[in-house]
Q: 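Mind looking over this structure? Questions follow.
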Amino acid sequence: MNEVVRSWLYVPADRPDRIAKALAGPADAVIIDLEDAVAAAAKDEARRNAQSALDGGATAFVRINAPGTDAGEADIKALRGAAGVRVPKCEDPGELRRVADALGVPVYPVLESALGVENALDIATAHPLVAGISLGEADLAADLRVAGGDALTWPRSRVVVAARAAGLPSPVQSVWTAVRDLDGLRASTEAGRAAGFFGRSVIHPAQIPVVHEVCAPDPAETAWASDLLDHLETTGSAAWIDHHGQFVDAAIVARARWVLALAGEREGQHS
């Protein structure tokens, strides 16, 4: 799996054929979904399918059911071998600590309520195994009684700030549910990246190329970053004015390292 994950493909755990297809596909990460994509009557079968895939050597993440529910507690007890676990409906840092201790793998809390957003930093710093936080925007919009869109601007900014304050990667953007609207997906993903998100959860393979394209730095940006770091290595300067007249300091250098990490250059330079 890529160190810099751009696409996180959800696949329903009650469809083992789709799990196999997703694992063989172009997504950077596959999330075997035990929660929203699976009917209540199929939860046990879905859990067995997920575990079978993991036991078979699959490198995959799992989204469990909400902790505290019967299905969620069964997931926590049964799962082993996942690359990481998405934990939905997170609101309580103490509950997340319990879940992380029980699972013993990286956890990715999803904030889907007003209380979850209010507790974003406490959740992001709740346990050493917290590897990233994100929003579940459909549930959050319902809880806030808004229609989504611009009404979620503040919660989005909140989770971006909380993630970076906790030293976590930039949050993964929530799913784009209009599967056939790839132009809308592109515009939304571009806006999300500009607002501090990186990568996106997707629900159909057709969405993956768009997300990958938006996440890739353009050639001019990559060339700028490479030239900047070449200058730094040659001169050792702490700050300087580049040939475009731009003042360069440590913050700009950090940005350049991130751009090259996305481009897959300068091995080992990740932020």
Side-chain angles (χ1 to χ4, degrees), residues 1-2 4-40 42-43 45-47 49-50 53-54 58-66 71-72 75 82-90 108-113 132-143 147-149 152 155-156 159 169-193 195 197-216:
M1 190 189 328
N2 297 339
V4 179
V5 180
R6 303 160 297 176
S7 55
W8 301 74
L9 176 63
Y10 278 112
V11 58
D14 60 346
R15 294 292 304 271
D17 56 326
R18 292 189 184 180
I19 294 174
K21 188 174 181 180
L23 290 167
D28 287 344
V30 171
I31 305 170
I32 302 174
D33 190 9
L34 298 173
E35 193 208 13
D36 286 348
V38 178
K43 296 290 186 183
E45 177 189 2
R47 190 178 304 110
N49 291 339
L54 297 173
T59 299
F61 297 76
V62 176
R63 177 166 69 172
I64 62 172
N65 290 279
D75 295 340
V85 172
R86 280 202 176 183
V87 184
K89 312 293 191 294
C90 278
Y108 296 79
V110 185
L111 313 182
E112 303 184 72
S113 66
I133 61 173
S134 60
L135 292 176
E137 293 194 354
D139 286 82
L140 178 59
D143 189 50
L152 295 181
R156 290 168 180 156
V159 77
S170 299
V172 177
Q173 201 171 356
S174 191
V175 298
W176 179 258
T177 57
V179 172
R180 293 185 177 86
D181 182 10
L182 298 182
D183 289 338
L185 170 66
R186 182 180 298 277
S188 172
T189 308
E190 288 173 348
R193 187 170 176 198
F197 290 83
F198 184 81
R200 186 150 206 169
S201 298
V202 297
I203 54 175
H204 193 282
Q207 297 177 317
I208 295 171
V210 174
V211 171
H212 286 186
E213 288 168 15
V214 173
C215 288

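Quick note: numbers below take in every heavy atom, side chains included, and nothing from hydrogens, waters or symmetry partners.
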Q: Please lay out, stage by stage, how V62 and D75 fare under the test side-chain contact (heavy atoms from CB on, under 4.5 Å).
A: CA-CA 10 Å; V62 176; D75 295 340; over 6 Å; no
Q: Quick check for you: to the nearest 0.5 Å, what is the distance between L23 atom CG and K21 atom NZ?
A: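 So the CG of L23 and the NZ of K21 are separated by 13.0 Å.
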Q: Out of curiosity, W8 CH2 to D28 CG, how far, rounded to the nearest 0.5 Å?
A: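 Separation between the atoms: 9.0 Å.
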Q: How close do A71 and R47 get, heavy atom to heavy atom, and via which atoms?
A: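 Heavy atoms only, the tightest pair is O-NH2, 3.4 Å.
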Q: Which heavy atom of I19 sits nearest a heavy atom of A53, and at what distance?
A: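 Reported closest heavy-atom pair: CG2-CB, 4.1 Å.
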Q: Using salt bridge (charged side-chain N to carboxylate O under 4.0 Å, His left out) as the criterion, list what pairs up with R15, not counting sequence neighbours.
A: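 Partners of R15 by the salt bridge (charged side-chain N to carboxylate O under 4.0 Å, His left out) criterion, ordered by chain and then number, come out as D17.
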Q: State, to 0.1 Å, how close H212 and P26 come at their nearest heavy-atom pair, and which atoms those are.
A: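 For H212 and P26, the tightest heavy-atom pair comes out as CE1-O, 3.4 Å.
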Q: Any side-chain heavy-atom pair from F198 and R6 closer than 4.5 angstrom?
A: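 Result yes, sub-4.5 Å side-chain heavy-atom pair found.
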Q: Can you name the closest pair of heavy atoms from N49 and P16 and give their distance?
A: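 Here N49 and P16 meet closest at ND2-CD, 3.6 Å.
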Q: Search all heavy atoms of A13 against all heavy atoms of I32 and return the closest pair with its distance.
A: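 Closest pair (atom of A13, atom of I32, distance): CB-CG2, 3.5 Å.
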Q: If you take all heavy atoms of P205 and L9, which pair is closest and at what distance?
A: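 Taking P205 first and L9 second, the nearest heavy atoms are N-CD1, 4.3 Å.
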Q: Sequence neighbours excluded, which residues qualify as side chain to side chain contact (heavy atoms under 4.5 Å, CB included) partners of D14?
A: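 Only P12, V38, A42, A46 meet the side chain to side chain contact (heavy atoms under 4.5 Å, CB included) criterion with D14.
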Q: Is there side-chain contact between V110 and D139, with heavy atoms separated by less than 4.5 Å?
A: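 SC-SC contact between V110 and D139 ruled out.
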Q: Look up atom OG in S7 and atom CD1 in I208, then write down how far apart they are to the nearest 0.5 Å.
A: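 One finds 5.0 Å between OG of S7 and CD1 of I208.
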Q: Are D181 and W176 close enough that some pair of their side-chain heavy atoms sits under 4.5 Å apart?
A: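 Yes, side chains in contact.
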Q: Taking only residues two or more places apart in sequence, or in another chain, which ones meet D33 in a side-chain hydrogen bond (donor to acceptor under 3.5 Å, both in side chains)?
A: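 Listed in chain order: R63.
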Q: Considering only residues two or more places apart or on different chains, which pairs with a residue in residues 198-208 satisfy side-chain hydrogen bond (donor to acceptor under 3.5 Å, both in side chains)?
A: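 Non-adjacent pairs meeting side-chain hydrogen bond (donor to acceptor under 3.5 Å, both in side chains): R86-S201, S188-R200, T189-R200.
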Q: Could you tell me the separation between the CD atom of E112 and the CG atom of L140, rounded to the nearest 0.5 Å?
A: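 Going from CD on E112 over to CG on L140, the span is 8.5 Å.
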Q: Does K89 use its side chain to pair, donor to acceptor, with the backbone of P109 at less than 3.5 Å?
A: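 No, K89 side chain to P109 backbone: no donor-acceptor pair under 3.5 Å.
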Q: Suppose we screen for salt bridge (charged side-chain N to carboxylate O under 4.0 Å, His left out). Which residues come up paired with E45, at least two apart in sequence or across chains?
A: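 Applying salt bridge (charged side-chain N to carboxylate O under 4.0 Å, His left out) to E45 gives none.
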Q: Residues in side chain to side chain contact (heavy atoms under 4.5 Å, CB included) with R156, at least two apart?
A: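 Here the qualifying residues are L135, E137, L152, F197.
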